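Numbers here are sequence positions counted from 1. Owing to the predicted nature of the structure, the values given are computational and were not obtained by experimental measurement.
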Amino acid sequence: MTAPLPSVTEPAAPPFRVRRARTSDVAAIKRLVAPLSERRILISKESVAYFEAIQEFRVAETPEGDVIGCGALHVMWEDLGEVRTLAAADSWRGRGVGHALVEQLLADAVEVGVQRVFCLTFEVPFFERHGFEVMADQSAVDPEVYSELLRSSDEGVAEFLDLARVKPNTLGNTRMIRWLPGRAKE
């Protein structure tokens, strides 16, 4: 008689899923951002800004439909995007929500043709684990692109360019960048 084969255990599915955000998620996104804004980690925005950018957002939600995390990919230029408004509910921190959101946002970046992804963060070790590096210099874009980006009214672009007008909001944050597959560092 042969011994029974050992059972193979499938890895447990995460207790949440990541999906595209919908307009009905804006209130939940604002609730996720609020405590981080109070601690000056994220910048709070008016509802209209979230509605205008809803197509950039992904949310993590439980099987019961509770939104427990959010993040956005904002395209800044032909080959440059920014991970922004990355947040997880306090009760879900350390449970893979941020990881799943960043991985999805990076996949979104590849899908739309972005080759470099920027972030401005206090969570340096977290982003290092996702392949981001501290920006060693300010020359991430050539002078022609820099002059074009200066015309943007977007605060994230100003943060990327390290403009003085955003300094009160960004002091202490670290500028990080990740080169995606197919892009050599310049």
Side-chain angles (χ1 to χ4, degrees), residues 18 29 32-45 49 53 56-60 69-90 92-186:
V18 174
I29 291 169
L32 288 167
V33 170
L36 297 170
S37 174
E38 289 170 12
R39 296 192 315 250
R40 301 183 55 88
I41 294 170
L42 290 179
I43 297 171
S44 181
K45 299 175 185 168
E56 298 178 353
F57 275 85
R58 296 285 187 156
V59 295
C70 66
L73 173 72
H74 179 73
V75 175
M76 300 169 84
W77 197 251
E78 176 183 11
D79 67 339
L80 181 66
E82 177 190 11
V83 169
R84 56 170 57 169
T85 320
L86 185 67
D90 283 341
W92 283 86
R93 286 183 60 113
R95 296 174 62 187
V97 173
H99 169 77
L101 285 163
V102 167
E103 290 302 311
Q104 182 60 61
L105 295 171
L106 292 174
D108 292 347
V110 169
E111 185 179 328
V112 299
V114 168
Q115 297 172 320
R116 296 175 297 166
V117 178
F118 157 78
C119 70
L120 187 68
T121 185
F122 289 104
E123 302 292 337
V124 172
F126 172 83
F127 280 97
E128 284 177 333
R129 288 191 300 273
H130 290 90
F132 285 76
E133 301 171 355
V134 174
M135 290 178 64
D137 61 34
Q138 307 302 319
S139 62
V141 294
D142 63 47
E144 182 180 310
V145 173
Y146 184 91
S147 68
E148 290 286 334
L149 288 173
L150 280 174
R151 296 180 180 133
S152 173
S153 60
D154 184 271
E155 290 299 307
V157 173
E159 291 166 351
F160 175 75
L161 297 176
D162 203 25
L163 300 180
R165 69 181 169 88
V166 296
K167 290 294 185 199
N169 294 330
T170 62
L171 288 176
N173 283 344
T174 300
R175 297 168 73 236
M176 301 183 78
I177 196 159
R178 175 167 172 189
W179 283 259
L180 298 175
R183 170 76 180 190
K185 292 183 195 177
E186 294 177 349

* Asked: Do you know which two heavy atoms are closest between F118 and F132, and how far apart they sit?
  -> C-CE2, 4.3 Å
* When rounded to the nearest 0.5 angstrom, what distance separates CZ in R116 from CD1 in I177? -> 5.0 Å
* Inter-residue atom distance F57.CZ - I29.CD1, 0.5 Å rounding -> 5.0 Å
* To do: Side-chain contact test, heavy atoms from C-beta onward, threshold under 4.5 Å: evaluate it for M176 versus V134 and give yes or no.
  => yes
* Straight-line distance of I43 CD1 to S37 OG, nearest 0.5 Å -> 8.0 Å
* To do: Write down the atom of I41, the atom of F122, and the distance for their closest heavy-atom approach.
  => CA-CE1, 3.8 Å
* Asked: Closest approach of W179 and E133, non-hydrogen atoms and distance?
  -> CZ3-OE1, 3.8 Å
* Structure fact -> In this structure, SG of C119 is separated from CE of M135 (nearest 0.5 Å) by 10.0 Å
* How close do V114 and G81 get, heavy atom to heavy atom, and via which atoms? -> CG1-N, 3.4 Å
* To do: Can you measure from NZ (K45) to OG1 (T85) and round to the nearest 0.5 angstrom?
  => 3.5 Å
* To do: Find out whether T174 and F127 are in side-chain contact, i.e. whether some heavy atom of one side chain is under 4.5 Å from a heavy atom of the other.
  => no
* How long is the gap from CG on L73 to CG on L86, to the nearest 0.5 Å? -> 11.5 Å
* **Residue list, salt bridge (charged side-chain N to carboxylate O under 4.0 Å, His left out) with R93, at least two apart or on another chain** => E123
Let me check something: any side-chain donor-acceptor pairs from residues 97-112 under 3.5 Å, sequence neighbours excluded? List them with distances.
unit_1	atom_1	unit_2	atom_2	d
H99	ND1	H130	NE2	2.8
Q104	NE2	D108	OD1	2.8
D108	OD1	R58	NH2	2.8
D108	OD2	R58	NE	2.9
D108	OD2	R58	NH2	3.4

